[in-house]
Student: 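Below is a structure I'd like to ask you about.
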Amino acid sequence: MSAEADSETNSQDGDGKVSRVIRIGTRKSQLARIQTDSVAEKLKELYPDVHLEIVAMSTTGDKILDTALSKIGEKSLFTKELENALERNEVDLVVHSLKDLPTVLPLGFTIGAVLKRENPQDAVVLHPKHAGKSLDLLPNKSIIGTSSLRRAAQLKKRFPHLEFKDIRGNLNTRLKKLDENNDFSGIILAAAGLQRMGWETRISQVLHPEDCMYAVGQGALAVEVRARDQDILEMVSVLHDPDTVLRCIAERAFLRHLEGGCSVPVAVHTEIKNSQLYLTGAVYSLDGSDSLKETMQTSIALDSQEQEQVDEKVHRVGITALKVSGAAQDAAERLGVDLANLLLSKGAKEILTVARQLNDAR
């Protein structure tokens, strides 16, 4: 960091001591602020002498609310403006939902921390008039709101009596649209977001993997930093949760190798049991009628905690995990690539190409 930039990020407290000011970038939504505040609190506990400032800004995805996410065609919908601020040294780190971050980050940036994952499953929130029901008990042709091709593809196949329509906006907006209009019988949201907002009571049903597998990185928070800022990278690296890091490296490697994104229906499920990392991955046609799903596993030696060199080059699918076994990270990344190759050998490319073309034509 330049001396000029450095001088801007130091402040004097009441005792005359100079303390470092760390500026954290975030989206303006209530959920983004709650997530950022939770990361800031953890950093404050670990580094009480550091002054933290939160800088909130709107992103492209926050501004374009009349178009389905999959139609906008921009990979960094919710991250670009935040990364621009990071590049200009206006902020020192940015807190994201990991599922919003593309699997290939712009040059010079890295994910310096992936925090312990909350429930990654999707949840059903029903209109108050359907209180106590679940998706299979809703009347024929009930309309469910979701902007996610992944959710719609899986649920159309699983619940053929329902209809699915796009719904956009932040959590507050979508819940308001559900409650105040009669357009939707229910909406599908990430369980983790509802839990972070303190709205667990609105969850009518949590969707298990046999009904709907989740998005890559769903339920995990990521801290993005400038890869050259070794001190910041070292500071945030203590926030890493090793299990979540390994699961998300496998998931992101799978998605990247498939060349997927939010414009195609790709879903995953991961778990770690007895030092084995299990990854289930699937691709779907838009209506869910055509799909491929496979599971693979690999051994991860979590007890090996060798220290890696802080180096911009040592990152896997955009993640630099300084305090997690390098061998385990390599195994997780290979697992994602191997599973993607297995699905590609069975025709995944064709399914995704048709899904992308049909989505573009909608």
Side-chain angles (χ1 to χ4, degrees), residues 29-35 61-62 65-71 78 97 99-100 117-220 262 265-269 282 284-289 291 359 362:
S29 75
Q30 186 184 354
L31 177 60
R33 289 301 304 261
I34 286 170
Q35 293 177 168
D62 296 313
L65 293 175
D66 56 353
T67 309
L69 293 180
S70 60
K71 297 284 286 175
F78 295 108
S97 292
K99 74 182 172 84
D100 290 338
R117 189 177 219 164
E118 292 185 47
N119 183 353
Q121 313 286 3
D122 289 316
V124 180
V125 178
L126 293 177
H127 189 284
K129 71 183 178 195
H130 294 301
K133 290 183 184 166
S134 56
L135 289 182
D136 46 1
L137 296 175
L138 288 177
N140 229 17
K141 298 213 178 305
S142 293
I143 295 172
I144 304 298
T146 175
S147 287
S148 160
L149 297 180
R150 171 190 60 82
R151 289 169 178 154
Q154 293 180 84
L155 295 173
K156 277 175 187 172
K157 187 173 168 84
R158 177 73 180 77
F159 303 99
H161 69 294
L162 302 176
E163 295 185 358
F164 295 85
K165 287 198 176 165
D166 284 328
I167 185 168
R168 285 291 320 281
N170 60 37
L171 271 188
N172 311 55
T173 308
R174 279 181 277 176
L175 280 173
K176 201 172 174 193
K177 283 180 184 174
L178 172 69
D179 291 344
E180 294 184 2
N181 307 322
N182 272 318
D183 299 347
F184 298 98
S185 296
I187 55 177
I188 313 294
L189 301 166
L194 288 162
Q195 287 164 346
R196 288 180 189 130
M197 294 284 272
W199 293 343
E200 295 96 328
T201 55
R202 288 304 310 265
I203 296 176
S204 308
Q205 176 183 3
V206 172
L207 293 168
H208 296 294
E210 54 273 18
D211 292 328
C212 190
M213 295 203 303
Y214 42 82
V216 165
Q218 187 161 315
C262 71
V266 175
V268 293
H269 176 75
Y284 303 89
S285 59
L286 288 192
D287 64 359
S289 61
S291 64
N359 183 55
R362 283 200 305 168

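Source: prediction; values computed, not measured.
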Student: Could you work out, with salt bridge (Lys or Arg N to Asp or Glu O under 4.0 Å) as the rule, every residue matching Lys141, not counting sequence neighbours?
Tutor: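 Salt bridge (Lys or Arg N to Asp or Glu O under 4.0 Å) check on Lys141 returns Glu163.
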
Student: Ser134: what forms a side chain to side chain donor-acceptor pair (under 3.5 Å) with it, not counting sequence neighbours?
Tutor: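 For Ser134, the residues satisfying side chain to side chain donor-acceptor pair (under 3.5 Å) (neighbours in sequence not counted) are Asp136.
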
Student: State, yes or no, whether a side-chain contact exists between Ile143 and Asp183 at a heavy-atom distance under 4.5 Å.
Tutor: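 Side-chain contact under 4.5 Å: no.
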
Student: Could you tell me which residues satisfy side-chain contact (heavy atoms from CB on, under 4.5 Å) with Lys157, sequence neighbours excluded, listed by chain and number?
Tutor: none

Student: Answer yes or no: is there a side-chain heavy-atom contact under 4.5 Å between Leu135 and Ile144?
Tutor: yes

Student: Applying ring pair (Phe, Tyr, Trp, His ring centres under 6.0 Å), which residue pairs with at least one partner in residues 151-195 are found, sequence neighbours left out?
Tutor: none

Student: Salt bridge or not between Asp211 and Arg158? Use side-chain N to carboxylate O under 4.0 Å.
Tutor: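 Result for this pair is yes, salt bridge flagged.
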
Student: Do Asp166 and Thr146 make a side-chain contact, defined as non-hydrogen atoms from C-beta onward lying under 4.5 Å apart?
Tutor: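 Contact flag for Asp166/Thr146 side chains = no.
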
Student: To the nearest 0.5 Å, how far apart are CG in Leu189 and OG in Ser148?
Tutor: 11.0 Å

Student: Tell me every residue that passes side-chain contact (heavy atoms from CB on, under 4.5 Å) with Pro160, counting only those two or more places apart in sequence or in another chain.
Tutor: none

Student: Where the side chain of Gln154 meets the backbone of Met213, is there a donor-acceptor pair that is under 3.5 Å apart?
Tutor: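 Here the side-chain-to-backbone pair exists.
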
Student: Kindly compute the distance separating OG (Ser204) from CD1 (Ile187), expressed to the nearest 0.5 Å.
Tutor: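 Answer rounded to 0.5 Å: 9.5 Å.
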
Student: Could you list the residues that satisfy ring-ring contact (aromatic ring centres under 6.0 Å, His included) with Tyr284, not counting sequence neighbours?
Tutor: none

Student: Once rounded to the nearest 0.5 Å, what's the spacing between atom CZ of Arg196 and atom CG of Leu31?
Tutor: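 Atom-to-atom, Arg196:CZ and Leu31:CG are 6.5 Å apart.
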
Student: Quick one: side chain to side chain donor-acceptor pair (under 3.5 Å) partners of Arg174, sequence neighbours excluded?
Tutor: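 Partners of Arg174 by the side chain to side chain donor-acceptor pair (under 3.5 Å) criterion come out as none, since no residue qualifies.
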
Student: Using the test side-chain contact (heavy atoms from CB on, under 4.5 Å), find all partners of Asn172 that sit at least two apart in sequence or belong to another chain.
Tutor: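 Result, side-chain contact (heavy atoms from CB on, under 4.5 Å) vs Asn172: Gln30, Asn170, Met197, Trp199.
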
Student: Restricting to ring-ring contact (aromatic ring centres under 6.0 Å, His included), what partner residues turn up for His127, sequence neighbours left out?
Tutor: none

Student: Could you work out, with side chain to side chain donor-acceptor pair (under 3.5 Å) as the rule, every residue matching Arg33, not counting sequence neighbours?
Tutor: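 Not a single residue meets the side chain to side chain donor-acceptor pair (under 3.5 Å) criterion with Arg33.
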
Student: Do Pro265 and Leu286 have side chains that approach each other closer than 4.5 Å (heavy atoms only, starting at C-beta)?
Tutor: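 Yes, their side chains come closer than 4.5 Å.
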
Student: Should the pair Arg202-Asp179 be classified as a salt bridge under the 4.0 Å nitrogen-to-oxygen rule?
Tutor: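 Yes, Arg202 and Asp179 are salt-bridged.
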
Student: List the steps, then state whether side-chain contact (heavy atoms from CB on, under 4.5 Å) holds for Arg150 with Gln218.
Tutor: CA-CA 12 Å; Arg150 171 190 60 82; Gln218 187 161 315; 3.3 Å; yes

Student: Is it true that a side-chain atom of Lys133 and a backbone atom of Leu126 form a donor plus acceptor pair closer than 3.5 Å?
Tutor: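 Absent.
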
Student: Between Asp287 (side chain only) and Ser289 (backbone N and O only), is there a donor and an acceptor less than 3.5 Å apart?
Tutor: yes

Student: Measuring from His269:NE2 to Glu210:CD, what's the distance to the nearest 0.5 Å?
Tutor: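 His269 atom NE2 to Glu210 atom CD measures 9.0 Å (nearest 0.5 Å).
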
Student: Going by an N to O cut-off under 4.0 Å, is there a salt bridge joining Arg151 and Asp122?
Tutor: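 Yes, charged N to carboxylate O under 4.0 Å.
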
Student: Please identify each residue that fulfils side-chain contact (heavy atoms from CB on, under 4.5 Å) with Ser142, with sequence neighbours left out.
Tutor: Leu138, Pro139, Leu162, Ser185

Student: Please identify each residue that fulfils side chain to side chain donor-acceptor pair (under 3.5 Å) with Lys99, with sequence neighbours left out.
Tutor: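 Counting only residues at least two positions away or on another chain, Lys99 forms no side chain to side chain donor-acceptor pair (under 3.5 Å).
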
Student: What are the two closest heavy atoms between Ile167 and Gly145, and how far apart are they?
Tutor: CG2-C, 3.4 Å

Student: For Gln121 and Cys212, work out which heavy atoms get closest and say how close.
Tutor: OE1-O, 4.3 Å

Student: What's the separation between atom CZ in Arg168 and atom OG1 in Thr173, rounded to the nearest 0.5 Å?
Tutor: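 With rounding to 0.5 Å, CZ (Arg168) is 10.0 Å from OG1 (Thr173).
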
